[in-house]
Structure formats: C-alpha cells, structure tokens
2 protein chains.
Amino acid sequence: MTARRSARGTLAGDAEEPPAAPVPEQATRPLRADAARNRQRILEAAEEVFARDGIAVPIDTVAERAGVGVGTLYRHFPTKEALFEAVVLRRLDELLAAVAEPADDATASFFAFLEQMGEQVALKHDLFDALAEAGVDLEARCAAKVGTLKEEVRALHGRAVAHGGVRADITADEVMGLVIGACSHAQAPGAVDDSTRRMVRVVCDGLRTDR
Amino acid sequence: MTARRSARGTLAGDAEEPPAAPVPEQATRPLRADAARNRQRILEAAEEVFARDGIAVPIDTVAERAGVGVGTLYRHFPTKEALFEAVVLRRLDELLAAVAEPADDATASFFAFLEQMGEQVALKHDLFDALAEAGVDLEARCAAKVGTLKEEVRALHGRAVAHGGVRADITADEVMGLVIGACSHAQAPGAVDDSTRRMVRVVCDGLRTDR
DNA sequence: TGACAAACGGAACGCAGGTTCCGTATAGTG
DNA sequence: CACTATACGGAACCTGCGTTCCGTTTGTCA
C-alpha cells in the first residue's frame, strides 16, 4: 500500500533528510531503533490516509493504519497539523520541482505545469486541502511554501503571457484556484479519473489565447 | 476560514429505517401566532447564516441569530439537515427557474445559465455545499432536486452543443463541477467578487467552440 | 544480564457541536 | 379571568475527535 510513494526515491529510510531541520537543533541524539521505524511507518500511513481522506480524517485512523497507538504518534508529531505539515511539505516540494521541468516554450511550460498540478491535487486530497486552505490555518512553514509556489506560478504565468499563449486578464492565484476547483470532485485512491483530467483541460483551454 | 470541503454534518444517533413518511401535509392545524413568527425568523436567519458559512456553521449560531433557543429551533426542524434542506430547496428552485430564462439562442442560454449559477453558488455557500455534496448525504428531497437540476443542465448543454457553440467532449456534470469549483474560493457576504466572476468566465471560454 | 532511559499503547480528559428533556411562559378559548 | 394545549429556552446529554497522562514494555549499554 505504501507503493507509489517510493517513486521519488527522495527519502526512503535513512537519516534525517529534510533540507535543514525545522529548528537549528543542537545535536539531536539518534532515535532508538523502534522509534525510528515507527516514525517512518507513521509518515507512510499519513501519506496514504491524508491522500485518500484529506485533513478531515481522524488521527486515530492514521495511528491504526501505522499499527501504533495514538500516544506514539503524538510522541513523534506534537499535533495533527504538524504531521499534516510533514506530509504536505514534501508534496509541495514535488510540485515545486515540477515547475522547473523543461518544455518547448513558456506557454507549453505553463500548461504542462498546470496539468501536473491537476494530477497531484486530484490524487492527494491533503494537497487539495492545503492549497484550498480548507483545513484550518496551515502551519507557517506550509503557508510559506504555498507562497513560494504561488510566486513560481506567477512567474510561469507571466512568461506564458509574454510569450503570447495565455490570456493576461487573470491572476496566477486565480489560475491555481481554477485548477484546484476543477479537482474538487476527484476521487482520491488509484489513478486520476478521466473526468478530472477533462475538467482541467477545459480550464486550460479557457486560458489559451489561440485555439 | 470556512471549512468548505471538509464540512461534515454530524448526524448522531443510529442508522435506523428511513421512516419514509412522505406525509403530504394533511390539514396541519394552524401554528400558534408566536410559533409561526419564530419559524419565519429561523428560516430567515438560516438563509443568512448558511449563505455566509455553509453547512459547517453550528446550529446555535442560527438560533442566536434568529433570537430563539435551540429547543425552539428543533421544535420546528427535527434536525440540522432538515433546516438546511428547507433553505437549499428554495435556492435550488430559484436556480431551476433561471434555466428557463429566454436568451438569443441555445448557446447563449447555456452560458447565461452558467453565469447565473456561478453568481448564486458564489453568493450562497450552502448552495455550494449542497451541489458539491460537501456535507454528507443530503436529504433525499434535496438530492432529488439536484438531480432535476442536473437533468436540466444536461438538456441545456445538449441544445448548446447541437447549436454548435459548445464543445461536446464533456458531460453536464463536469460542466457543473467546473463552475462550482471555480466558485470554491468565493467570499460569501456581499456581492460576488470580480475574481470569482473572472474565473467562471474562463471556464465558460474553455467550453466554447468558437472564440 | 541487569539497569534505566526511551518509547509504547491506550485509557482518560476536554472541548465542540448536534440533539433531547423538562420546567416555565403564553396564546387562544370559554 | 382561568385553564390548558402549545411553544419556549437553555441546561444536560451524547458522540466524535484532538490531546495528555501514566503504567508498562523494550532497546541499549555497561
């Protein structure tokens, strides 16, 4: 069940890898073996469960899925939001990586990214929640990263407009809102359904100047 | 702010038989004057409050706004959902009326309706919730009316496609989903913001064959 | 292997929100 | 004006869920 996650190879089970730990912490002593294992399991379970049900899912579901008690979960993540953040930050990083992917021209880059974003948002309900700000106020670090993403989209959009392929009478925020909105009804598990894909395509077509 | 997607009616109690009391109001004895007045106040308050906050708003908020106690509210409406239904059914009727409004041709009718729908959905968060099925299972009568609406949109869309102004490679459900999705981020109180209107316009443009 | 800090699990707590209960108030009537 | 069915208000109750607490288990190290 934890399959699709490994596609990125980004973390797997080694030491701390988030670029720069949250706080400039002084000499974190290494986790005990069982603790490290559980932490990993919790993260994997959270990724699955949050993707399927969004942030609304009860924390117990994550704990159960991970095969640990809630107490253990809270030992590793001080709040539900902290766990959510841990999951979503990674998702946002993946999206940000997609921004940089090369394409034929500015317009193509723009639409390629939007499609990618649609896929991810449709597939990961937590990402939807984070971007739609449906959950309460997301943690500062999350908000910051969302801000970065918005900035990138703004740039991407700006370039595509300059290139002449995309209408200018709309903001980058609105573009994101449209794509996210089109994914509102997406089913989470498994692959992205055709319906959602079609809806994103309509949005993209609405953004084109040519066509 | 508002929970939107995660909105979840709390239906406590059991999962008993649907009494299916299709009791067509038979000679209900007239309400006492104060009761009638309160019922009216509750409905008005609910319309306001649900429009602003969607179904996620606590029932106490409605009661307070109406200037009655919760007990009174429950005397008039057996559950929160029942009250919600009472409000939304009226909204749905208004939308259905808009379907019939005359326009130049099938294509124009279609887009005029979508715009109208966008306005209403953006303005009334309860309508959004009902159409996005964010709250759990909406009452049967609500679901039925939503079904009728979908049917009408299907017809409208079919005619517009036949008329040649609208692309055919999308279903009426998806069209509705797109408009609703575009309104996801709308602020409730006051008038529809330009941003939302722009987003709906992009969706409509994406649906056009010409342009 | 024994000792102990670290980690575990899950019962218990607190709060929020829907729903019920019941003592009190009042409209309507004779 | 008295009487009663109707209606009222809001405290109390119940459930779901996030979080905390604490007695028990276990990894690690000497």
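Letters go in sequence order (proteins before strands), and every chain restarts at 1.
- The phosphate of D/dA7 has neither OP1 nor OP2 within less than 4.0 Å of any side-chain N or O from B/Thr72.
- Here the nucleotide nearest the side chain of B/Arg75, chosen from D/dA7, C/dT19, C/dG28, is D/dA7.
- Look at CG on A/Asp34: it is 9 Å from P on C/dG9, rounded to the nearest Å.
- The residue among A/Val70 and B/Arg32 whose nearest nucleotide of DNA chain C is located toward the 5' end is A/Val70.
- Taking atom NZ of B/Lys80 as the reference point, atom C1' of C/dA16 lies 11 Å away to the nearest angstrom.
- Atom CZ of A/Arg39 is separated from atom P of C/dC8 by 11 Å (rounded to the nearest Å).
- Here the two rings, on A/Phe110 and A/His157, have centers that are under 6.0 Å apart.
- One atom, CZ of A/Phe77, and another, C1' of C/dA7, lie 15 Å apart when rounded to the nearest Å.
- Computed from coordinates, the B/Leu83 CG to C/dG18 P distance equals 11 Å when rounded to whole Å.
- Residue contacts shown for B/Val57 are limited to sugar-phosphate atoms, with no base heavy atom under 4.0 Å away.
- Of the two residues contacting DNA chain C, namely B/Pro78 and B/Arg37, the nearest-nucleotide position lying further toward the 5' end is that of B/Pro78.
- Using modelled atom types, one side-chain atom of B/His125 and one backbone atom of B/Arg52 make a donor-acceptor pair closer than 3.5 Å.
- Looking at the side chain of B/Tyr74, the nearest of the listed nucleotides C/dG18, D/dC8, D/dT28 is C/dG18.
- Whole-Å rounding puts the A/Asp53 CG to D/dC17 P distance at 11 Å.
- Of the candidate nucleotides C/dA7, D/dC17, D/dT6, C/dA7 has the atom lying nearest to any side-chain atom of A/Leu31.
- Dense packing is recorded around CZ of A/Arg198, with more than 12 heavy atoms of other residues, nucleotides or ligands lying under 6.0 Å away.
- The distance between atom CG of A/Asp60 and atom C1' of D/dG16, rounded to the nearest whole Å, is 9 Å.
- The cationic atom of A/Arg201 (NZ for Lys, CZ for Arg) does not lie both less than 6.0 Å from the six-membered ring centre of A/Phe111 and within 45° of the ring axis.
- For D/dA7, neither phosphate oxygen OP1 nor OP2 lies less than 4.0 angstrom from any side-chain nitrogen or oxygen of B/Asn38.
- Although no hydrogens or angles enter the test, the distance criterion places a donor-acceptor pair under 3.5 Å between the side chain of B/Arg167 and the main chain of B/Gly206.
- Regarding contacts with the backbone of C/dA7, every side-chain N or O of A/His76 stays at 4.0 angstrom or more from both OP1 and OP2.
- Counting to the nearest Å, the C1' atom of C/dA7 and the CD1 atom of A/Ile42 are 11 Å from each other.
- Distances from the side chain of B/Ile59 to the nucleotides D/dG27, C/dC8, C/dT19 place C/dT19 closest.
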